[in-house]
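See below for the structure under consideration.
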Amino acid sequence: MRSQSRNLLAIASIYSLVTAHPHPSEHSSIKPRITASRKFDAGDMYANWPSYDQLPLDASYPTKAAWGVWGADDVQGALNHIINATILAARDEIKLGRAINLNMDLNAFITPINPNRKPLNHVFQPGSGYSDDVVVLNTQVSTQYDGLRHFPYSTDSNTTTYQWYNDLIENYDDVIGPAPTTVLGIQQAAQKGIAGRAVLLDFAGWAETQNISYSAFTGYGINTTQLDAVACWQGLPANWSKPGDILLVRTGWIQQYLNLTTYNQEILPWDPELGSVGVNASDDSLAWLWEKKLALVGADNPAFESTPFDKTISGVPRSMHQVFIGGWGQSIMEFLDLETLAAELHALGRSTFFLTIQTLNINTGIASPPNAMAIL
Ligand SMILES: *[C@@H]1O[C@H](CO)[C@@H](O)[C@H](O)[C@H]1NC(C)=O
Ligand SMILES: *[C@@H]1O[C@H](CO)[C@@H](O)[C@H](O)[C@H]1NC(C)=O
Ligand SMILES: *[C@@H]1O[C@H](CO)[C@@H](O)[C@H](O)[C@H]1NC(C)=O
Ligand SMILES: *[C@@H]1O[C@H](CO)[C@@H](O)[C@H](O)[C@H]1NC(C)=O
Ligand SMILES: *[C@@H]1O[C@H](CO)[C@@H](O)[C@H](O)[C@H]1NC(C)=O
Ligand SMILES: *[C@@H]1O[C@H](CO)[C@@H](O)[C@H](O)[C@H]1NC(C)=O
Ligand SMILES: *[C@@H]1O[C@H](CO)[C@@H](O)[C@H](O)[C@H]1NC(C)=O
């Protein structure tokens with residue numbers, strides 16, 4: 001018992017961060033703060049659907065935001081693309097009953113790739129006739145799902161300029177406490193029920209056939225000409241996407257990371273020149289993704305898009321993180337383990353599969369392990 005309380009004390013001192021004291025919001029209905037929104041008809045979901053060029057719906061909204069597209073009080077964003085019929089139709093993707101885990105070990109990264117994140121702390125707690133364990137987790141140290149409180153629009157990361165999806169959060173204190181509101185918390189994703197058809201675009205596999213070599217640890221940007229070529233190489237038709245699809249891109253980052261020596265894995269995050277391969281942040285990429293009506297995107301790299309975040313969108317310094325999360329209410333999955341999945345899909349000549357995601361159900365939460373499972 002003594003060593004156990006020492007461990008817990010050690011955790012308390014390592015994790016001297018802001019403690020969450022959630023006060024579940026008393027009012028269940030959201031008070032909208034924006035005015036311009038799409039006339040939404042649940043019976044005809046895509047009536048009046050704006051093109052990328054038509055975003056945002058009001059000039060006062062931030063760069064390419066989809067505020068109001070699902071209604072001024074909407075909290076689900078891109079997950080609205082998933083309806084019962086989407087999941088029902090996706091059952092056709094289950095052909096073999098082969099289930100594949102897409103999550104890395106929570107302790108896979110010796111030094112978290114963002115070294116400001118504290119590593120996982122895992123301790124054992126013996127009981128009488130049973131054993132427990134305690135996990136203290138920064139939800140973004142391994143495979144992760146970025147919730148809608150994670151990444152607002154901002155200018156120079158100044159908290160006074162933060163703008164969250166549909167402008168539903170007023171102040172930064174509403175996110176980090178001491179009394180956070182619940183709107184846009186990760187519990188929404190947990191309670192929504194995320195399942196459906198997913199498509200893997202294996203950029204790394206395609207690049208190998210094209211003799212394109214790149215270091216995953218530089219800001220190599222994958223563009224839509226390449227993604228279209230990957231889809232074509234995989235035998236997908238030009239119209240391969242369906243509304244509600246979940247798009248996963250294999251950039252080769254995990255493959256190259258796992259190929260590093262343990263020492264090089266440990267020092268990698270401290271490299272001041274460190275960047276990452278990923279989808280190129282541009283209006284071209286965003287338009288391509290928007291038109292596909294995706295519910296969620298994910299990749300095997302740190303941010304889906306390439307890093308550093310040094311691009312402009314519609315002439316404004318913006319990351320795709322800002323537009324996806326703050327603008328479209330679209331979450332991002334990162335550090336997915338797509339190695340086994342890619343190998344098996346190639347062997348089967350397939351690109352699509354059934355995918356389920358189950359985030360932590362924690363009120364006011366910001367991110368979560370995705371608990372992602374593919375079923376072939
Ligand atoms: C999905 O099915 C449930 C249970 O039948 C139903 O309550 C819900 O309204 C359906 N949702 C949609 C969007 O059709
Ligand atoms: C953040 O923005 C506010 C309002 O423009 C300004 O007063 C403040 O100085 C800025 N803070 C920093 C750290 O730049
Ligand atoms: C890639 O390199 C191999 C070996 O040099 C060559 O046979 C092949 O034609 C090249 N493929 C392309 C697409 O350039
Ligand atoms: C993508 O990059 C290739 C060069 O790698 C270039 O030929 C192509 O035009 C680019 N496509 C877009 C949409 O920028
Ligand atoms: C793509 O087009 C073909 C032929 O027109 C059609 O049969 C198929 O259903 C379409 N696929 C999707 C995903 O819309
Ligand atoms: C793995 O590392 C070896 C030795 O550094 C290198 O030759 C090889 O190209 C790497 N493979 C991949 C897939 O990165
Ligand atoms: C990436 O996007 C930027 C615009 O944000 C563009 O200047 C650049 O050419 C793009 N890179 C590729 C490889 O397409």
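Remember, it's 1-based here, ligands and their atoms both numbered in the order they're listed. Residues take their numbers from the sequence shown, with the count starting at 1.
- The T312 neighbourhood of ligand 7 comprises atoms 5 (O), with distances under 4.0 Å to a heavy atom of that residue.
- Taking every heavy atom of G221 and a limit of under 4.0 angstrom, the matching atoms of ligand 7 come to 13 (C).
- The single protein non-hydrogen atom nearest to atom 9 (O) of ligand 7 is N280 ND2, 4.7 Å, given as residue, atom name and distance.
- When atom types are taken as modelled, the side chain of K293 and the backbone of D245 share no donor-acceptor pair closer than 3.5 angstrom.
- Ring-plane geometry between W67 and Y153 is classed as perpendicular, the angle between the planes exceeding 60 degrees on a 0 to 90 degree scale with a lower cut at 30.
- Side chain of W70 to backbone of R38: no donor-acceptor contact under 3.5 angstrom is found.
- By the definition of a contact as any protein heavy atom under 4.0 Å away, atom 13 (C) of ligand 4 is in contact.
- Contact annotation: for A281 versus ligand 7, heavy atoms closer than 4.0 Å belong to the backbone alone.
- The proximity of D283 to ligand 7, defined as any non-hydrogen pair under 4.0 Å, does not occur for either the backbone or the side chain.
- Distance from atom 4 (C) of ligand 7 to its nearest protein heavy atom, with residue and atom name: S282 CB, 3.9 Å.
- The closest protein non-hydrogen atom to atom 6 (C) of ligand 3 is N211 ND2, 4.1 Å.
- For atom 2 (O) of ligand 7, a protein non-hydrogen atom is found at a distance below 4.0 Å.
- The proximity of T224 to ligand 4, defined as any non-hydrogen pair under 4.0 Å, is limited to the side chain.
- Around atom CD of E208, no more than 12 heavy atoms belonging to other residues, nucleotides or ligands sit under 6.0 Å away.
- Judged by distance alone, the side chains of Y46 and H81 do bring a donor and an acceptor atom under 3.5 Å apart.
- Taking every heavy atom of N223 and a limit of under 4.0 angstrom, the matching atoms of ligand 7 come to 12 (C), 13 (C), 14 (O).
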